[in-house]
Trainee: 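Dropping a structure here in structure tokens format, bear with me for questions.
Below, read A as the first sequence line, B as the second, and so on, with proteins coming before strands; counting in each chain starts at 1.
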Amino acid sequence: MNILMTGMSAVLCIAMLGAALLAIRVKGDDSLPLSILAAGLVSLFASVLFLILAAPDVAMTEAAIGSGLTTFLFFFLLARIRGTAQTVDKNDGSALDGRDYD
Amino acid sequence: MIKRFITLLLLAGIGAIFASLLFTYVPDSELNRTADYYAGHTASDIGAANIVTAIIVTYRGLDTLGEVTVLFLASSIVGLVLSLGQKQHKTQRNRVAVGELLTTGSRFLAPLIMLLGVYVFVNGHLTPGGGFQGGAIIASGMLLLLLADPLRHFSHTLIATLESFSGLSYVALGVLGLFMAGGFLDNRILPTGTLGELISAGAIPLIYSLIGLKVGAEFSSMLASLSETEDLK
Amino acid sequence: MIYMAMATGFLLILIGFYGALTNRNLLRMIVAFTLANTGVNIVIVAIGYMHGRTAPILDAAVTASAAAARIIDPVPQALVLTAIVIGLGVTALMLAYAYKLYERKGTLDIAQYTDLKW
């Protein structure tokens, strides 16, 4: 049991570090969604790690807030900034456009 | 180049501090005195099975009030910043044809998600979870509605009313504790009951439900003000 | 296991700082800050963990009288719970400012913000 838990947390830690490096190192114009998703993945792994560290309250908060709402806030903003073309369905984009900013 | 060097130097310094913290850290084998007090007295004084909830709502209740206030400030500043300079002339926003499946599905799921949120914060004193988690789950239900219909407008009046009602009742319950029990936000204004039952732990379920409503309203107002911004190109 | 979690937390803080200092895209800097935030939370929860003990919730297995010898430290957990919620508030605030800056300048690259340079 204990060895299983230790092994699981080792895998989680390595996966978290990998996802974090991916989130800040990935390059290119279209890489922002990937970066945001990788940060959300770090939060999700962190919530499992909190559960292993006997903190179920924190795990629940992290899963609901850290990996759920934060990721969606980022995507909301990204959709606004990108003019919806790349992140939202084409159909929505054409209806929501029609505004010129100077 | 020099910038990169300075950055790496700074990170190496912080890393050295972290390494010395990590290698000299010795885990405690006993609870420290504060934690020992909380562990020993929660059941008899507060009557809540979840000690973290007892700390958040009663022992450190004033901090939680401050935290909810910070969250309120954050959500109002988000609303203020995003509405500043918003161009007023409303263009005709076309109705997007959302699929029937998506609409029906979100209508079916959103009340269930909100019910789960309510369950989480009503049971905060017994099981893991509580006002903050429940509030976040309620806001996720709102998010589902927003995603299914991007042009939906939430009533800001309703959100603001809910938010101020729960905030005021929260403070009022705290002041009631000042007169009827040991101090501000004392939960013993109601009988503590038996440990482990739904109606127990004095005012904790009531206070945590109010916190849950307040947090849910604040997160929903953040989401709503972000979704009401215009596309930039 | 404590040391492993703690080391991961510290490394996440360092990765977050590195990302915030070297990236020029405002959104990516905010992502890096949320990473550092997660790292701090992991470190604080790891400090509260004690080997062979269980979560601070009383039930039939962990009775009130035996609680002090069976549960882990609940105080860091309460702190981190607060920190996560405030973290979302701070992130939302940063995102709102980023949106406003993009609206004004039309770019998220901080190298293009030259107002205060001379």
Trainee: If you round to the nearest 0.5 Å, how far is CD of C:E103 from CG of B:L82?
Mentor: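 Between atom CG of B:L82 and atom CD of C:E103 there are 9.0 Å.
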Trainee: With a 4.5 angstrom heavy-atom cut-off, which part of C:R53 approaches chain B: side chain, backbone, both or neither?
Mentor: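 Only the side chain of C:R53 comes within 4.5 Å of chain B.
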Trainee: Among C:V43, C:L93, C:L95, which residue has the highest count of heavy-atom pairs closer than 4.5 Å to chain B?
Mentor: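 Going by pairs under 4.5 Å, I would pick C:L93.
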Trainee: Could you look at B:Q133 and say if it's the side chain, the backbone, both or neither that has a heavy atom under 4.5 Å from chain C?
Mentor: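 Contact with chain C is through the side chain of B:Q133 alone.
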Trainee: So B:H41 and B:Y37, would you call those rings parallel, tilted or perpendicular, with 30° and 60° as cut-offs?
Mentor: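 Plane angle under 30°, so parallel.
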Trainee: Using side-chain hydrogen bond (donor to acceptor under 3.5 Å, both in side chains), reason through C:R104 and C:Y99 one step at a time and then give a plain yes or no.
Mentor: CA-CA 9 Å; C:R104 288 272 162 80; C:Y99 175 82; over 6 Å; no
Trainee: Return the minimal non-hydrogen interatomic distance between C:M50 and C:I72, and the atom names on each side.
Mentor: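 Heavy atoms of C:M50 and C:I72 come nearest at N-CG2, 3.8 Å.
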Trainee: Looking at C:P74, C:A55, C:A46, which makes the most heavy-atom pairs under 4.5 Å with chain B?
Mentor: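 Option with the top pair count is C:P74.
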Trainee: So for atom OH, which belongs to C:Y49, do other residues, nucleotides or ligands contribute more than 12 heavy atoms lying within a distance under 6.0 Å?
Mentor: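 For C:Y49, atom OH is crowded (more than 12 foreign heavy atoms under 6.0 Å).
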Trainee: Quick check for you: among B:V52, B:N32, B:T64, B:T7, which has the greatest number of heavy-atom pairs under 4.5 Å with chain C?
Mentor: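 Of the options given, most contacts go to B:V52.
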Trainee: Considering only heavy atoms, which portion of C:I2 lies under 4.5 Å from any heavy atom of chain B: side chain, backbone, both, or neither?
Mentor: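 Just the side chain, heavy atoms under 4.5 Å.
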Trainee: Would you check if the side chain of C:N23 reaches a backbone N or O of C:G19 as a donor-acceptor pair within less than 3.5 Å?
Mentor: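 Yes.
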Trainee: Between B:L21, B:I14, B:I51, who has the most heavy-atom pairs with chain C when the cutoff is under 4.5 Å?
Mentor: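 Of the options given, most contacts go to B:I51.
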Trainee: Heavy atoms only: give me the nearest B:A139-B:L223 pair and the separation to one decimal.
Mentor: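 Looks like O-CD1, 3.7 Å.
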Trainee: How close do B:L71 and B:M222 get, heavy atom to heavy atom, and via which atoms?
Mentor: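 Distance-wise, the nearest heavy atoms are O-CE, 4.3 Å.
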Trainee: Assess B:K214 against B:Y170: is NZ or CZ under 6.0 Å from the centre of the six-membered ring, and within 45 degrees of the ring's axis?
Mentor: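 No; the conditions do not both hold, so B:K214 does not lie above the ring face of B:Y170.
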Trainee: Considering only heavy atoms, which portion of B:L11 lies under 4.5 Å from any heavy atom of chain C: side chain, backbone, both, or neither?
Mentor: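 For B:L11, heavy atoms of backbone and side chain both lie under 4.5 Å from chain C.
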Trainee: Between B:F18 and chain C, which part of the residue has a heavy atom less than 4.5 Å away: side chain, backbone, both or neither?
Mentor: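 For B:F18, backbone and side chain are both near chain C.
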Trainee: Pick whichever of B:A49, B:P128, B:A74 has the most heavy-atom pairs under 4.5 Å with chain C.
Mentor: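 Between B:A49, B:P128, B:A74, the count favours B:A49.
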Trainee: Mind checking whether B:F132 and B:Y208 have parallel, tilted or perpendicular rings, split at 30° and 60°?
Mentor: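 Rings of B:F132 and B:Y208: perpendicular, over 60°.
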Trainee: Is chain C contacted by the side chain of B:L73, its backbone, both, or neither, given a heavy-atom distance below 4.5 Å?
Mentor: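 For B:L73, there is no contact with chain C at all, as no heavy atom is under 4.5 Å.
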Trainee: What is the minimum heavy-atom distance between C:I71 and B:A39, and which atoms define it?
Mentor: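 Scanning both residues, the minimum pair turns out to be CD1-CB, 3.7 Å.
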Trainee: Check whether B:L8 gets within reach of chain C through its side chain, its backbone, both or neither, counting any heavy atom under 4.5 Å.
Mentor: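 The answer is the side chain of B:L8.
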Trainee: Tell me, for C:I47 versus chain B, whether the close heavy atoms (under 4.5 Å) come from the side chain, the backbone, both or neither.
Mentor: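 Both parts, heavy atoms under 4.5 Å.
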Trainee: Name the region of B:D63, side chain, backbone, both or neither, that has any atom closer than 4.5 Å to a heavy atom of chain C.
Mentor: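 The answer is neither part of B:D63.
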Trainee: Pick one of side chain, backbone, both or neither for B:R60, based on which atoms fall under 4.5 Å of a heavy atom in chain C.
Mentor: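 For B:R60, no heavy atom lies under 4.5 Å from chain C.
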Trainee: Quick check for you: among C:L58, C:L88, C:V90, which has the greatest number of heavy-atom pairs under 4.5 Å with chain B?
Mentor: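 Heavy-atom pair counts peak at C:L58.
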Trainee: Of the backbone (N, CA, C, O) and the side chain (C-beta and beyond), which part of B:Y59 lies under 4.5 Å from a heavy atom of chain C, both, or neither?
Mentor: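 No part of B:Y59 comes within 4.5 Å of chain C.
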Trainee: Given that the side chain runs from C-beta out, which part of B:V68 has a heavy atom under 4.5 Å from chain C: side chain, backbone, both or neither?
Mentor: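 When you check distances to chain C, no heavy atom of B:V68 falls under 4.5 Å.
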